[in-house]
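Note on naming: letters A, B, ... go to the chains in the order of the sequence lines (proteins, then strands), and numbering restarts at 1 for each one.
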Amino acid sequence: MLDVKFIRENPEFVRQGLINKNAKDVVDDILQLDEKRRTIISKAEELKAKKNQVSSQIPKLKKEGKDTTEIFAEMKKVGDEISQLDNELKLVEETLENILRNTPNIAHRSVPIGKNADDNVEVRRWLPEGFSFDNDFKILDHIELGKKLKILDFERGTKISGSGFPLYTGKGATLERALINFMLDTHLQNHGYTEVLPPVLVNRESMKGTGQIPKMEEDMYFIEKDGLYPIPTAEVPITNIHRDEVLSEKDLTIKYVGYSPCFRREAGSYGKESKGFLRVHQFNKVEMVKFAKPENSYDELESMTNDAENILKALNIPYRILMLCTGDLSFSAAKCYDIETWSPAEYRWLEASSCSNFETFQARRANIKFRREDSKKLEFVHTLNGSGLATSRLMVSLLENNQTPEGKVIVPKVLQKYTGFEIID
RNA sequence: GGAGAGUUGGCAGAGUGGUUGAAUGCGGCGGUCUUGAAAACCGUUAAGGAUGCAAGUCCUUCCGGGGUUCGAAUCCCUGACUCUCCGCCA
């Protein structure tokens, strides 16, 4: 959520920011409502002050045995006027709030201006030694490999739940678990995170706090009976750990890493893009979340991106880093790096991670502040998160890149101690 | 699922209609004392908002929402959460 005061003071900057993000220019609407809001507040507060002043005299008057009927009648009138103004105010504030909640974050100045994914900028890429985009044998895709090696069973997953709910079997299930553990351990031992294992059903407040609601409501599962949402990402529960809290400056940067399954309705996406693991309703993800001071947050974004990259390097998976342009940035993000891994069967890059800085956008919604040691002032923290990483897309690249001409899959060295086997055949 | 109790400032904990934004204790901060520290003593100690160049002034907030009243932390209704007992159960 953007700060109204900031919009009031920098209307043209915000206007341009919204245009760059392909968002509706609502600056004038906001300013108008804000103006109206403040007018009503002034009027109402004047009356309230009067009411309070008179009220405080009443005990004295009564004690002196004076007649208060007239005063009561007048105060009754004042009270009615106040509640009328308060109702008006409520309406204006709801309208304003509604607009603000549906208004995206503004991009950081370092973000390239662009319309859509075509304008994203490749920042760097990393390819394993001896890697080639072209192979001299027939590459099987992850679905064929999964079937042949009996490690993935999409048909039975569909029978159990529906399409997009993969079933891992045998060494496939073990490999998935190994991957999760390897990633967690790496972040814990090498990157200084604290592990959390969050609830996977969250309430509406939490979904609002990180910005999935109201904008993305259609993409979320919802359990009506209990008012709970299966999380689309662990970002939601982990960021909300500190909702409505004041953190100490000395505790920042707080770095959490946590595994969770993720649930997404992915309403309206079918076809080629969604086969196999490419788009699923349930997948596993290790998520990194940081609470940082404003002056550090962009350094933290770089290091978080590196943390995710280190996993891929260790697994020997080719990847590239994209800096998303303003038009392709998500609703809440001020800056974002996508990490894409190479799929030789698809012969294209697949998004496996997204590392974003939300600045104060989420902190404002979720009310997460910290107190400065020197000035004692409260400020909103910056929140960041990144996948480190999502196993489903990663599994595609892992299986396909490590296959042999005979259609077997060699387990990357770093995973072998977790799997207990070196090859899947 | 049934019955009951509770939710007050950073924490603990008073307060059942009228100067209560809220006693008291602890903690925090500043000071006196001390070579230094502790103890003791004194002072101070919320957030958000409106207005103003500022000092300041004013408003709101005692879990959330609604109501009664001239006036509510205090009364009524409702929702959330916590705890205890019973039932059920991985």
- Message: Strictly by salt bridge (Lys or Arg N to Asp or Glu O under 4.0 Å), give each pair with a member in residues 379-401 of chain A just once, sequence neighbours left out.
- Response: A/R372-A/E379
- Pairwise distance OG(A/S260) to CZ(A/F283) - rounded to 0.5 angstrom: 8.0 Å
Just the atom pairs and distances: protein N or O near nucleotides 53-60 of chain B's N or O, under 3.5 Å.
from  : atom 1 : to    : atom 2 : distance (Å)
B/C59 : OP1    : A/N52 : ND2    : 3.0
B/U60 : OP2    : A/N52 : ND2    : 3.3

- Item | A/Q362 and A/E235 side chains, donor-acceptor separation under 3.5 Å | yes
- Message: So, does A/R38 get its side chain near the phosphate of B/G49, meaning an N or O under 4.0 Å from OP1 or OP2?
- Response: no
- Message: Rounding to an integer number of angstrom, what distance separates B/U61 and B/U7 when you compare their C1' atoms?
- Response: 16 Å
- What is the distance from CZ of A/F370 to P of B/G10, rounded to the nearest Å? 18 Å
- Message: Using the P atom as the point on both nucleotides, what is the distance between B/U19 and B/U78, in whole Å?
- Response: 29 Å
- Query: Under 4.0 angstrom, heavy atoms only, what part of the nucleic acid is A/R37 near: base, sugar-phosphate, or nothing?
  - Reply: sugar-phosphate
- Task: Scan side-chain atoms only and decide if A/Y256 and A/H187 contain a donor-acceptor pair under the 3.5 Å cut-off.
- Result: no
- Would you classify A/I58 as touching base, sugar-phosphate or nothing, given that sugar-phosphate means primed atoms plus P, OP1 and OP2, and contacts are heavy atoms under 4.0 Å? base
- Between B/A72 and B/G17, how far is it from one P atom to the other, in whole Å? 14 Å
- Query: Roughly how many Å is it from CG in A/D226 to P in B/C81, rounded to a whole number?
  - Reply: 10 Å
- Query: For A/L184, which residues count as a side chain to side chain contact (heavy atoms under 4.5 Å, CB included) partner, sequence neighbours excluded?
  - Reply: A/I180, A/E195, A/V257, A/Y259, A/V286
- Task: Could you work out the separation of B/G67 and B/C26 based on their P atoms and round it to a whole Å?
- Result: 42 Å
- Message: Tell me the interatomic distance from A/L228, atom CG, to B/A80, atom P, rounded to whole angstroms.
- Response: 12 Å
- Any chance the side chains of A/D328 and A/N116 put a donor and an acceptor closer than 3.5 Å? no
Are there any protein N/O atoms within less than 3.5 Å of an N/O atom in nucleotides 62-66 of chain B, and if so, which ones and at what distance?
from  : atom 1 : to    : atom 2 : distance (Å)
B/G66 : OP1    : A/K90 : NZ     : 2.9

- Query: Taking atom C1' of B/G1 as reference, at what distance in whole Å does atom NZ of A/K225 sit?
  - Reply: 12 Å
- Query: Between B/U51 and B/U68, how far is it from one P atom to the other, in whole Å?
  - Reply: 30 Å
- To the nearest Å, give me how far apart CD (A/E35) and P (B/A50) are. 12 Å
- Message: Please report the interatomic distance CG(A/N22) to OG1(A/T326), rounded to the nearest 0.5 Å.
- Response: 6.5 Å
- Task: Give the nucleotide from the list B/A50, B/C70, B/G48 with an atom nearest to the side chain of A/K5.
- Result: B/A50
- Message: In whole Å, I'd like the distance from the NZ atom of A/K77 to the P atom of B/G71.
- Response: 15 Å
- Span that lies between the C1' atom of B/C53 and that of B/G71, in whole angstrom: 38 Å
- For residues 4-15 of chain A, pull every pair meeting side-chain hydrogen bond (donor to acceptor under 3.5 Å, both in side chains), keeping only residues two or more places apart or in separate chains. A/R8-A/D34, A/E12-A/R15, A/R15-A/D25, A/R15-A/D28
- Measure from the side chain of A/S42, starting at C-beta and using heavy atoms only, and say which of B/G48, B/C70, B/U51 lies closest. B/U51
- Euclidean distance for P, B/C85 against B/G79 (whole angstrom): 25 Å
- For the student: nearest non-hydrogen atoms of A/A23 and A/P104, plus distance: CB-CG, 3.5 Å
- Query: Can you list the stems that RNA chain B is part of, where a stem is at least 3 pairs in a row, each Watson-Crick or G-U, with both distances below 3.5 Å?
  - Reply: B:1-7 with B:80-86, B:10-12 with B:24-26, B:27-32 with B:40-45, B:46-51 with B:56-61, B:63-67 with B:75-79
- Message: Can you tell me which nucleotide in B/G49, B/A47, B/G71 comes closest to the side chain of A/R371?
- Response: B/A47
- Message: Under 4.0 Å, heavy atoms only, any strand: does A/K377 hit a base, just the sugar-phosphate, or nothing?
- Response: nothing
- Would you please say whether a donor-acceptor pair under 3.5 Å links the side chains of A/Y337 and A/E309? no
- Is a side-chain donor-acceptor pair under 3.5 Å present for A/S206 with A/N203? yes
- Item | Euclidean distance, atom CD of residue A/E81 to atom C1' of B/C70 [Å, nearest integer] | 14 Å
- Message: Assuming nearest nucleotide by heavy-atom distance, tell me which of A/K76 and A/K369 is located more 5' along RNA chain B.
- Response: A/K369
- OP1, OP2 of B/A50 versus side-chain N and O of A/R8: anything below 4.0 Å? yes
- Message: Taking B/C70 as the reference, what is the distance to B/U16 when you measure between their P atoms (whole Å, please)?
- Response: 23 Å
- Please check if any side-chain donor atom of A/E94 sits under 3.5 Å from a side-chain acceptor atom of A/N98, or the reverse. no
- Would you check if there is a donor-acceptor pair between the side chains of A/T103 and A/K24 at a distance under 3.5 Å? no
- Atom pair distance, as rounded to whole Å: CG in A/D34 and C1' in B/A50: 11 Å
